[in-house]
Every structure is written in C-alpha cells, then in structure tokens.
Amino acid sequence: MSRNDEVADRLEEFADRLEATGVEYKPTAYRRAAENVRDHPTPIGDLAAEGADAVAEIDRVGDAIASKIVEYVSTGSIEELAELRAELPADIGALTAIEGVGPKTVGTLYAALGITTLDEMAAAAEAGEIREVKGFGPKTETSIRENIPFARESRERTRLGDARPVADGALAYLVDLSHVSRAEVCGSIRRWRATIGDVDLLAASDDPEPVVDAFTDWPAADTTIEAGTGKASVRADGTRVDLRVVDDAEFGAALQYFTGSQAHNVAVRNRAIDRGLKLNEYGLFDVSDVADPDAGQRVGTRVAGGTEAGVYEALDMAFVPPELRENDGEIAAAAATDLPDLVEPGDPRGDLHTHTDWSDGGFTLREMIAAAAERGHAFHAVTDHAAGPGIFGNTGLDEAEIAEQAAAVESAAADADAAITVLHGVEANIDAEGTITTDDATLADLDIVVASPHSALDQDADAATERLVRAVEHPAVDVLGHPTGRLINSRQGLEPDMDAVAAAAAREGVAIEVNANPARLDADGTAVRAAIKAGTTIAVNTDAHSPTDLDNRRYGVHTARRGWAERADVLNTRSIEALRAFLS
Ligand code: DGT
Ligand code: CA
Ligand code: CA
Ligand code: ZN
C-alpha cells in the first residue's frame with residue numbers, strides 16, 4: 001500500500017467515526033480529501049515533509065485536514081482519531097462491510113449493545129437483541145445476520161482485478177533477475193478466481209538465495225512478512241505475495257502443485273497412486289519398486305516434473321487449463337481427451353456493452369470509438385444507460401435522447417476508422433418485476449439492446465429468477481447484462497436459478513453477459529457453465545466507461561473459461577455478419 005493510500009484510509013476512518021458520533025458535513029469533507037490524497041501523484045510523505053501548507057495544496061484538503069496529515073506522517077498517529085477510537089472502540093471497517101450497516105448503525109449498536117466486532121454482531125443477531133433496539137426491527141436484524149458471512153469473506157479476500165496487476169508486476173520483476181530461468185504466477189490467481197487470498201509466484205533458479213533477497217527488495221513490496229530458504233512472502237498494495245524458488249528440473253511439478261486448486265490436486269494425486277506413481281511438488285515418481293514410498297519426497301524414479309504438461313501426460317491426461325482446475329469434472333474430461341476448446345483472450349472482436357458521456361461514461365462517443373478502433377476491434381456497440389430504476393438523476397437517456405443519440409452515433413461512425421462497425425444500442429433497465437422500462441418502439445429501432453438489473457438487487461431468489469426470465473422474454477432484448485448485479489466484496493446481488501434463466505435465454509436467443517469489469521465478473525464461472533449446458537450464447541463485455549476499461553477484457557475471457565466456454569459459445573468472437581444475424 002502506498003503512503004497515499006494509507007493516509008487516505010485513515011481519513012476515511014476519521015470520516016466514518018465522525019459520522020458514527022452524529023457529526024454532520026465534516027465526514028463528507030474528510031472523504032473528499034481522502035479521495036484526492038489517494039489519487040495525488042506526489043507521495044504524501046514528500047508533501048508532509050514540506051509542511052501543512054504544501055499538503056493543503058491538494059484539492060479539497062483544507063488547513064485542518066492538512067495539519068492532521070502532517071501529524072500522522074510525522075508521529076504515526078492522529079490524536080483526535082485516537083480519541084474517537086477510544087470513544088467508540090468498534091472495528092468500524094469490519095462492521096460497515098456488512099451490507100446495509102453504515103457508521104451511524106455501528107454507533108447506535110455500540111451504545112445500545114456494546115457491539116464492537118463481527119463476532120459480537122453475529123451473536124447479537126442470533127440472540128434476537130438487535131430487533132429490540134429502537135429504530136431496528138426483525139427485518140433489519142435478519143438482513144444483518146444474513147450479510148455477515150459475506151462481510152467476513154470480503155474482509156479476507158482481494159478482488160482479482162486488484163491482485164492481478166500486483167502479480168503481473170512481481171512476475172515481470174522476477175523474470176528479469178539474472179538467476180531466474182523461468183517464473184510463473186500460480187495459485188488462485190492463475191486459475192483467475194474472482195477473489196484471491198494471496199498471490200503465489202514460482203521461480204526456477206540454480207541459486208535461490210539471491211532470488212529471495214532480490215524479491216524482498218522488490219520496489220513494490222512494502223514489507224517483508226517472512227524470508228527463508230527458497231521462499232519469501234512480502235506485502236504489496238495490501239496483498240500478501242508468496243514466492244517459492246525451486247530447481248529448474250522440478251519447476252513443472254511445483255507449478256502444478258502450487259496452482260491448485262487443492263481439490264484438483266488431491267484428485268490428480270489419487271490418479272497417480274492408482275498408477276503406482278507418487279506425485280508431489282518435487283516431481284512425479286515411479287515408486288512401484290520402492291519398499292516405502294513415504295520414506296522421502298524424492299523416492300523412486302522420476303518420470304516427470306520439468307514441465308507441467310509432462311506431469312499430465314505421464315498420468316494419461318490432456319493438459320488441464322488452470323481455469324478448470326476445481327475438481328468439477330475436468331479430471332474425467334482430461335482423461336477422455338474431452339476437454340473444451342476454450343475461448344482465448346484474443347478471440348473477441350469487439351465490445352457489445354460500453355458507455356460514453358451521454359450517460360455516466362467519462363469520454364465522448366468519438367473518443368470511445370477511436371479507442372476501440374485503436375485496439376483493432378471489428379465492432380463496437382455504444383450502449384449508454386437508459387433512464388429507469390437504479391439509474392440516478394439525469395444519468396440515463398429517455399426515449400427522445402436515445403433518438404437524438406442515434407444521429408450522433410451515425411455521424412461519429414461515418415468519421416471513424418472504416419475498419420470498425422459501430423452499433424447503436426442502449427443498456428435498458430429491468431425493473432423488480434422484469435419489465436424493460438424503455439418504450440418498445442424505441443428499443444425496436446436499435447441495433448442492440450442490453451438489459452440489466454440495477455435496482456431491487458436484494459430481492460429473493462424466486463423473484464429474481466422470475467424477473468430475469470421475463471426480461472429475456474422481451475422481444476427486443478439481445479443481451480442480459482450483469483445478471484446478478486453483484487459488486488465483488490461489497491454487494492452480493494441477485495441469486496437467481498441460473499439454469500432457469502439460461503434455459504429461457506437459450507429459447508429466446510438472448511446472450512448472457514460476462515461483464516469483464518473486475519468489480520463485477522458477472523455472470524461468474526458457475527453461471528457460465530450452467531448457461532453453456534443450456535445452450536445459451538455468452539457475450540464477454542467490458543462495460544467500458546473509459547478507453548482503458550476496454551483493456552479489462554481479459555478478466556471476462558478468463559471468467560468465461562472458468563465456465564468452460566468455447567470460442568463458438570461467445571457472441572463477440574463472431575464475424576460482424578454472424579453478429580448481426582444473432583441480433584436481428
Ligand atoms: P487463495 O490464495 O485462498 O485464493 O487460494 P489458492 O488456491 O491460491 O491457495 P494457497 O495460496 O493457499 O495455495 C496455493 C496452492 O498450493 C493451492 O491452490 C494448492 C496448493 N496447496 C497449498 N496447500 C496445500 C495442501 O495442503 N494440499 C494440497 N494438495 N495442495 C496445497
Ligand atoms: Ca494464493
Ligand atoms: Ca499462498
Ligand atoms: Zn449496468
């Protein structure tokens with residue numbers, strides 16, 4: 001974590017604690033200051049060294065906040081914050097991770113019941129104590145109780161989109177070291193799980209010690225957690241990063257082992273045992289002539305271990321792509337050489353869900369189209385938000401504005417690179433009952449309609465299923481956007497019966513989106529798998545609000561791969577003619 005992030009976190013805690021004690025306005029000032037400190041290009045430590053006036057040059061940072069920042073940087077604490085903590089000794093970060101629980105609720109429940117931790121909150125909810133507090137009731141209590149497990153997990157796991165860049169950075173650093181012959185990311189990050197516990201890296205070297213030393217000196221590492229023989233752990237950007245250094249001859253076996261998942265490894269190891277072989281992180285060994293196969297790690301005759309592909313081959317299996325290694329049918333499929341031919345990151349030819357400054361995007365039509373063209377996309381659908389439930393203020397377009405935008409899109413498309421086909425669509429809203437809240441006549445005129453839920457995202461499973469089925473039955477809808485509306489680590493979203501939604505989508509010729517925004521990854525791998533089983537088409541969309549968002553595509557493709565999606569399953573891998581045929 002950079003020092004700016006650390007200071008911003010303290011200011012946000014300050015804001016939460018002021019809010020919890022009922023202070024008005026000031027919390028907003030602290031949050032705005034936090035945001036600007038976080039985004040400021042100059043290290044906050046450098047500014048603080050110059051004094052409070054230099055810190056106050058940051059937008060939205062006034063003199064009072066600037067002096068607190070200087071106090072924090074020079075002493076490591078802020079006296080007033082320490083006083084607020086003493087007044088309300090609750091773990092406000094953990095408790096506000098519960099959906100629907102804000103700082104004020106934390107303050108009230110501390111005053112009434114003395115709740116300071118998630119465990120105490122869970123116990124109070126179980127005991128029916130929360131419903132007795134003034135302003136609360138059985139419904140709020142149930143909601144708190146049900147949201148605690150999600151809050152616990154969100155405190156422990158990092159979003160893939162935050163961890164992957166850390167892993168990429170560490171990998172780039174490692175492969176450049178002179179003593180490293182090969183290096184790879186492994187663990188859940190190589191399997192592209194939506195959230196990760198820690199980042200795992202593996203390097204091959206004939207001299208581990210300098211590699212471990214260099215790793216602890218990695219400039220992005222904030223602290224070294226531990227360093228030993230052939231392994232080390234550091235913390236970077238708030239995430240733990242584990243490195244193991246192994247002999248080149250054992251790299252494949254180690255890569256297989258440390259990629260996991262554990263359930264996959266157990267199944268593969270059992271397959272080895274069935275064949276008189278022993279598989280561990282050091283290699284695959286023939287132990288048929290060995291009296292005690294458990295006598296050591298490297299016993300018998302090595303039959304594989306240099307490469308991961310060699311390990312699977314020696315076990316009579318096809319190479320299993322990391323995204324499939326969850327012990328969910330991939331072992332049998334690999335043994336029968338019946339694995340899917342997975343979609344590749346370079347396969348999609350364009351995006352079918354993007355925004356501009358006509359709604360909540362930050363860039364113009366022309367800028368977004370140019371950005372897609374620069375990236376070599378064959379097509380680009382502009383799908384700004386329609387007005388409707390869950391879309392705030394004037395952000396969404398009404399029917400007249402959609403018609404007005406059609407002309408603007410046509411003109412921008414005429415001036416764009418001839419190699420890109422621009423489609424005009426909309427991201428319409430699915431209300432709680434499944435009604436699409438934009439006029440049918442307007443929708444019928446568009447090239448593409450993405451329909452997404454943006455409101456009532458806490459309704460029960462049956463209502464959610466009914467809602468989404470009804471939405472895909474609308475004749476104008478082409479793509480069901482981010483089906484659950486989840487925000488990873490912050491909002492659970494809908495929990496529909498995906499088999500039923502997928503069956504309806506297949507029947508109606510509607511594609512189900514894998515939203516590649518790393519905060520969403522929605523549909524997730526499990527839902528994609530259900531969709532493909534039902535014969536549904538998948539669309540991998542970035543939902544870009546800026547040019548750089550278009551580069552999130554890989555997160556969507558790897559999520560689709562976790563759902564066993566093949567190229568042919570993915571709508572945006574198709575030619576423009578095939579795409580138009582699907583949309584019409
Ligand atoms: P995470 O970090 O919680 O998102 O998940 P992973 O899968 O990255 O798990 P991690 O970091 O604890 O360990 C990395 C891999 O090492 C894991 O996927 C499989 C392997 N592994 C670790 N511990 C064991 C174990 O006790 N048995 C087996 N078979 N494999 C293990
Ligand atoms: Ca891990
Ligand atoms: Ca680990
Ligand atoms: Zn949306």
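Numbers here simply count residues along the sequence, with the first being 1. Ligands are counted one by one from 1 in listed order, and the atoms in each one are counted from 1 as well.
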Q) At the 4.0 Å heavy-atom cut-off, does Arg157 count as touching ligand 1? A) yes

Q) Can you name the closest pair of heavy atoms from Asp316 and Arg275 and give their distance? A) OD2-NE, 3.0 Å

Q: Output the list of atoms in ligand 1 that are nearer than 4.0 Å to some heavy atom of Asp200, sorted by atom number.
A: 8 (O), 11 (O), 14 (C)

Q: Pick whichever of Arg244, Glu281, Glu156, Gln262 has a heavy atom sitting closest to atom 27 (N) of ligand 1.
A: Gln262

Q. With atoms numbered from 1 as shown, which atoms in ligand 1 lie under 4.0 angstrom from a non-hydrogen atom of Ile196?
A. 4 (O)

Q. Taking both backbone and side-chain atoms of Arg193, is any N or O found less than 3.5 Å from an N or O belonging to ligand 1?
A. no

Q: Could you point out which residue of Leu177, Val245, Val241 forms a side chain to side chain contact (heavy atoms under 4.5 Å, CB included) with Phe215?
A: Val241

Q: Measuring from the Ca ion (ligand 2), name the closest N, O or S atom belonging to Asp200.
A: OD2

**Q.** Per-atom contacts of ligand 1 with Gly197, taking only distances under 4.0 Å to non-hydrogen atoms
**A.** 1 (P), 2 (O), 3 (O), 4 (O)

Q) Should the proximity of Arg191 to ligand 1, defined as any heavy atom under 4.0 Å, be assigned to the side chain, the backbone, both, or neither? A) side chain

**Q.** Pairs satisfying salt bridge (Lys or Arg N to Asp or Glu O under 4.0 Å), at least one member in residues 249-274, at least two apart
**A.** Glu250-Arg298, Glu250-Arg302

Q: Locate the shortest heavy-atom distance separating Ala504 from Val472; write the atom from each residue and the value.
A: CB-CG2, 3.7 Å

Q: Please name the pair of heavy atoms, one in Pro483 and one in Leu494, separated by the smallest distance, quoted to 0.1 Å.
A: O-CD1, 3.7 Å

**Q.** Closest non-hydrogen atom pair, Ala272 against Leu279
**A.** CB-CB, 4.0 Å

Q | Among Val382, Leu446, Val426, the one residue meeting side chain to side chain contact (heavy atoms under 4.5 Å, CB included) with Gln405 | A | Val382

Q: Determine, using heavy atoms of Thr259 and all atoms of ligand 1, whether some pair is separated by less than 4.0 Å.
A: yes

(Q) List the residues meeting ring-ring contact (aromatic ring centres under 6.0 Å, His included) with His545, not counting sequence neighbours, and say none if there are none. (A) His355

(Q) List ligand 1 atoms under 4.0 Å from Gly187, heavy atoms only on the residue side. (A) 8 (O)

Q. Heavy-atom count around Glu508 CD within 6.0 Å, excluding the residue itself: above 12?
A. yes

Q: Below 4.0 angstrom from a heavy atom of Arg269, which ligand 1 atoms are there? Numbered from 1 as shown, please.
A: 29 (N)

Q.
Restricting to N, O or S, what is the name of the atom of Asp198 that lies nearest the Ca ion (ligand 2)?
A. OD1

Q) Which is it for Ile189 and ligand 1 at heavy atoms under 4.0 Å: side chain, backbone, both or neither? A) neither

Q | 3.0 Å cut-off met by an N, O or S atom of Asp242 to the Ca ion (ligand 2) | A | no

Q) Quick one: side chain to side chain contact (heavy atoms under 4.5 Å, CB included) partners of Ala387, sequence neighbours excluded? A) none

Q: For the Zn ion (ligand 4), count the protein N, O or S atoms found under 2.8 Å away.
A: 3

Q: Please determine if Ser261 has a nitrogen or oxygen closer than 3.5 Å to a nitrogen or oxygen of ligand 1.
A: no

Q | Residue Glu401 excluded, over 12 heavy atoms near CD under 6.0 Å | A | yes

Q | Exercise: identify the closest heavy-atom pair between Asp478 and Leu583 | A | OD1-O, 3.2 Å

Q.
For Arg366 and Ile369: C-alpha separation, side-chain torsions, deciding distance, then whether side chain to side chain contact (heavy atoms under 4.5 Å, CB included) applies.
A. CA-CA 5 Å; Arg366 281 163 197 268; Ile369 294 167; 5.8 Å; no

